[in-house]
Amino acid sequence: MNFELSEEQRAFQQAAREFAANELAPRAAEWDAQAHFPREVIAQAGELGFCGLYAATEHGGLGLPRLDATLVFEELAAADPSTTAFITIHNMATWMVTSFAGPEVAALWGPPLTSGAKLASYCLTEPGAGSDAASLKTTARLDGEHYVLNGSKAFISGAGATDALVVMCRTGGPGAAGISALLVAADSPGIQYGKKEAKMGWNSQPTRVISFDGVRVPVAQRLGEEGDGFKIAMKGLDGGRINIATCSVGAAQGALAAAQRYMHERRQFGKPLADFQALQFKLADMATELVAARQMVRLAASKLDAGDPDAAVYCAMAKRLATDAGFEVCNQALQIHGGYGYLKEFPLERLLRDARVHQILEGTNEIMRVIVARRMLQDGATESIR
């Protein structure tokens, strides 16, 4: 059990920290206010390898362990959780393409996706299928060498501004076994994008409904075999839960650092806020919760890297703990700033708004509790989950 980072890991961490300071932090508030999707900056992140962190190396990815990817995502999210969250979603979709597409399709799409020259959206959620993802209704009917795709997806990050869609759809009967995964060009005939949703946070990435009306997709662009889609989705979401948990840790770290600075700068009753014991205790609790969340996330990432049979449970634990703790740290940091924390001139309200949705997506925190509780009530859980 070595809790220290290697020199290589610290190098990735430092590269991400510098990129965040130079490219994200100066413009994050502007992107949020203008609901601007900074595609050109995401492409710059791709030049550093940040768009294919754990994608296959033969297709341009870095092939890093999930643990190493968390180091990069945390540093980026400390400056801009919204843009970083999209980068994590793109990484997940890119990993699916480079891992499960056929050789020709992976060779065609892998390099531009891992480099950030092209971007991908992940399409699982539907208007009537959220937490119950296995009940999705979007269908793909086989017609010769193509599937004909019909249905709709909701809450799709990047929709209307990306180049590729990884779509979970029904090719067989009801339930999880009837779901397959298709890689769909985002400009295919028959695709329509809804209005850009007006959201509480995550404003630097567009969110839209996508409708598919007779969209023809080559069979060669199926990921894995027919019926593998739900398995691929769940494998992707294990990593996705670590990713979004890491974004919460990063947002909380950014908020905590701002609170530390402010407590030294702000004076009331003739002394700095840092001299008030009540605020010292609040800061201590924030730091403790943040470190605990970070270590839980890194443990889950290590379990996923090692192929641990209970990795999905640890990912659910990490997602629940880190997103709850991250939001609370942001909230307490805003409280320390008082009225100034409520102003857009300071980053606290943006970090808070961006972090809130992390408790909902990639499986709600209620569903995370279901996953953990279900495993804990099985035989052998006492020995394996500890």
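Scope of the values below: all heavy atoms of this structure, side chains included, with no hydrogens, waters or symmetry mates.
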Practice item. Say whether, by atom type as modelled, one donor and one acceptor occur between the side chain of Thr84 and the main chain of Leu76 under 3.5 angstrom. Key: yes
Practice item. Would you mind reporting whether Glu104 and Trp109 have side-chain heavy atoms less than 4.5 Å apart? Key: no
Exercise for review: Specify whether Tyr262 and His337 have parallel, tilted or perpendicular ring planes, treating 30° as the upper limit for parallel and 60° as the lower limit for perpendicular.
Suggested key: parallel
Point to revise | Whether Thr94 side chain and Asn91 backbone form a donor-acceptor pair below 3.5 Å | key: no
Review point. Quick one: does Thr57's side chain get under 4.5 Å of Leu62's, heavy atoms only?
Key: no
Review point. If every non-hydrogen atom of Ser204 is compared with every non-hydrogen atom of Pro38, which pair is closest and at what distance?
Key: O-CD, 3.3 Å
Point to revise | For the student: nearest non-hydrogen atoms of Gly227 and Ser180, plus distance | key: N-OG, 2.9 Å
Exercise for review: Verify the neighbour count for atom CD of Gln277: are there more than 12 heavy atoms of other residues, nucleotides or ligands below 6.0 Å?
Suggested key: no
Practice item. Would you mind telling me which of Leu108, Leu165, Val105, Val167 makes a side-chain contact (heavy atoms from CB on, under 4.5 Å) with Leu183? Key: Val105
Point to revise | Under 3.5 Å side-chain donor-acceptor pair for Asn243 and Tyr54 | key: yes
Check your understanding: Honestly curious: do Met317 and Val297 fall in one hydrophobic cluster under the side-chain, below-4.5 Å linking rule?
Key -> no
Check your understanding: Is the closest side-chain heavy-atom distance between Val166 and Val97 below 4.5 Å?
Key -> yes
Exercise for review: For the pair Lys319 (side chain) and Leu361 (backbone), establish whether a donor and an acceptor sit closer than 3.5 Å, ignoring hydrogens and angles.
Suggested key: yes
**Study point:** Lys231 atom NZ: more than 12 heavy-atom contacts under 6.0 Å
**Key:** no
Exercise for review: Could you tell me whether the side chains of Lys153 and Thr125 share a donor-acceptor contact shorter than 3.5 Å?
Suggested key: no
Point to revise | Nearest-0.5 Å distance, CG of residue Leu67 to CG of residue Leu299 | key: 10.0 Å
Review point. Near Gln280 CD, under 6.0 Å, is it more than 12 heavy atoms from other residues, nucleotides or ligands?
Key: yes
Practice item. Determine, step by step, whether Ser82 and Asp32 satisfy the side chain to side chain donor-acceptor pair (under 3.5 Å) criterion, reporting the C-alpha distance in whole Å, the side-chain angles of both residues, the deciding distance to 0.1 Å, and the verdict. Key: CA-CA 8 Å; Ser82 173; Asp32 172 71; over 6 Å; no
Exercise for review: Taking all heavy atoms of Val219 and all of Gly144, pick out the closest pair and write down the distance.
Suggested key: CG2-O, 4.1 Å
Review point. Is Glu197 salt-bridged to Lys195, cutoff N-O under 4.0 Å?
Key: yes
Exercise for review: Please assess Lys282 against Asp285 for the test side-chain contact (heavy atoms from CB on, under 4.5 Å), listing each intermediate value before the final yes or no.
Suggested key: CA-CA 5 Å; Lys282 185 188 291 288; Asp285 287 343; 6.0 Å; no
Practice item. Would you mind telling me which of Glu75, Glu74, Arg294 makes a side-chain hydrogen bond (donor to acceptor under 3.5 Å, both in side chains) with Gln253? Key: Arg294
Check your understanding: Is atom CD of Gln192 surrounded by more than 12 heavy atoms (other residues, nucleotides or ligands) closer than 6.0 Å?
Key -> no
**Study point:** Basic-acidic side-chain contact under 4.0 Å: Arg353, Glu349
**Key:** yes
Point to revise | Separation of Cys247 SG from Phe73 CZ (nearest 0.5 Å) | key: 7.5 Å
**Study point:** Note: Arg222-Asp228 ion pair, threshold 4.0 Å (strictly below)
**Key:** no
Practice item. Keeping the roles fixed (side chain from Arg39, backbone from Ala161), state whether a donor-acceptor pair exists under 3.5 Å. Key: yes
**Study point:** Donor-acceptor side-chain pairing of Asn150 and Thr138 below 3.5 angstrom
**Key:** no
Point to revise | Separation of Gln44 CD from Asn22 CG (nearest 0.5 Å) | key: 10.5 Å
**Study point:** Ile156 CD1 to Tyr193 OH distance, which is reported to the nearest 0.5 Å
**Key:** 10.0 Å
Practice item. Give a yes or no answer on whether the side chain of His90 reaches the backbone of Ala120 with a donor-acceptor pair at less than 3.5 Å. Key: yes
Point to revise | NZ or CZ of Arg356 within 45° of Trp202 ring axis and under 6.0 Å | key: no
Check your understanding: Going through the distances and angles, do Thr162 and Ser121 end up as a side chain to side chain donor-acceptor pair (under 3.5 Å)?
Key -> CA-CA 6 Å; Thr162 53; Ser121 292; 2.9 Å; yes
Review point. Can you name the nearest heavy-atom pair linking Ser135 to Gly128, along with the distance?
Key: OG-O, 4.2 Å
Check your understanding: Say you draw a straight line from CZ of Phe50 to CD1 of Ile42; how long is it, rounded to the nearest 0.5 Å?
Key -> 13.5 Å
Practice item. Verify ring pair (Phe, Tyr, Trp, His ring centres under 6.0 Å) between Phe37 and Phe86, making sure each step is shown before the conclusion. Key: CA-CA 10 Å; Phe37 183 53; Phe86 175 79; 5.1 Å; yes
Review point. Regarding Glu328 and Gln332, is there a side-chain donor-to-acceptor distance under 3.5 Å anywhere?
Key: yes
Review point. So with a 6.0 Å cut-off around OH of Tyr340, is the heavy-atom count from everything else above 12?
Key: no
Point to revise | Between Thr70 and Thr246, a side-chain donor and acceptor under 3.5 Å | key: no
**Study point:** Polar side-chain atom of Arg170 near backbone of Leu136 as donor-acceptor pair, under 3.5 Å
**Key:** yes
Point to revise | Spatial distance of atom CG (Asp238) from atom CZ (Arg66) [nearest 0.5 Å] | key: 8.5 Å
Practice item. For Glu40, look at atom CD and say whether over 12 heavy atoms of other residues, nucleotides or ligands are found less than 6.0 Å away. Key: yes
**Study point:** Check: Arg208 side chain, Gly194 main-chain N or O, donor-acceptor pair, under 3.5 Å
**Key:** yes
Review point. Do Arg320 and Gln359 meet the criterion of a side-chain donor-acceptor pair at a distance under 3.5 Å?
Key: no
Review point. Taking 4.0 angstrom as the limit, do Asp324 and Arg369 come out as a salt bridge?
Key: yes
Practice item. List the steps and the verdict of salt bridge (Lys or Arg N to Asp or Glu O under 4.0 Å) for Arg27 and Asp80. Key: CA-CA 9 Å; Arg27 289 178 275 183; Asp80 186 354; over 6 Å; no
**Study point:** Over all atoms of both residues, closest heavy-atom pair of Leu348 and Ala333
**Key:** CD1-CB, 3.6 Å
**Study point:** Exam field: side chain Ser99 to backbone Met96, donor-acceptor pair closer than 3.5 Å
**Key:** no
Review point. Looking only at side chains, do Thr207 and Ser157 share a donor and an acceptor under 3.5 Å apart?
Key: no
Review point. Can a donor-acceptor pair be found between the side chains of Tyr147 and Glu226 at a distance below 3.5 Å?
Key: yes
Review point. For Ala35, does its backbone N or O pair with a side-chain atom of Lys196 as donor and acceptor, under 3.5 Å?
Key: yes
Exercise for review: Take Met286 and Ile336 through the test side-chain contact (heavy atoms from CB on, under 4.5 Å) and record every step on the way to the result.
Suggested key: CA-CA 11 Å; Met286 292 160 63; Ile336 287 172; 3.9 Å; yes
Check your understanding: Hey, are Lys303 and Asp308 close enough for a salt bridge, meaning a charged N less than 4.0 Å from a carboxylate O?
Key -> yes
Review point. Under 4.5 Å between any side-chain heavy atoms of Ile385 and Tyr314, yes or no?
Key: yes
Check your understanding: Can you name the closest pair of heavy atoms from Pro26 and Ala20 and give their distance?
Key -> CD-O, 4.3 Å
Check your understanding: More than 12 non-hydrogen atoms from neighbouring residues, nucleotides or ligands closer than 6.0 Å to CD on Gln14, yes or no?
Key -> yes
Check your understanding: Salt bridge between Arg10 and Glu4, side-chain N to carboxylate O under 4.0 Å?
Key -> yes
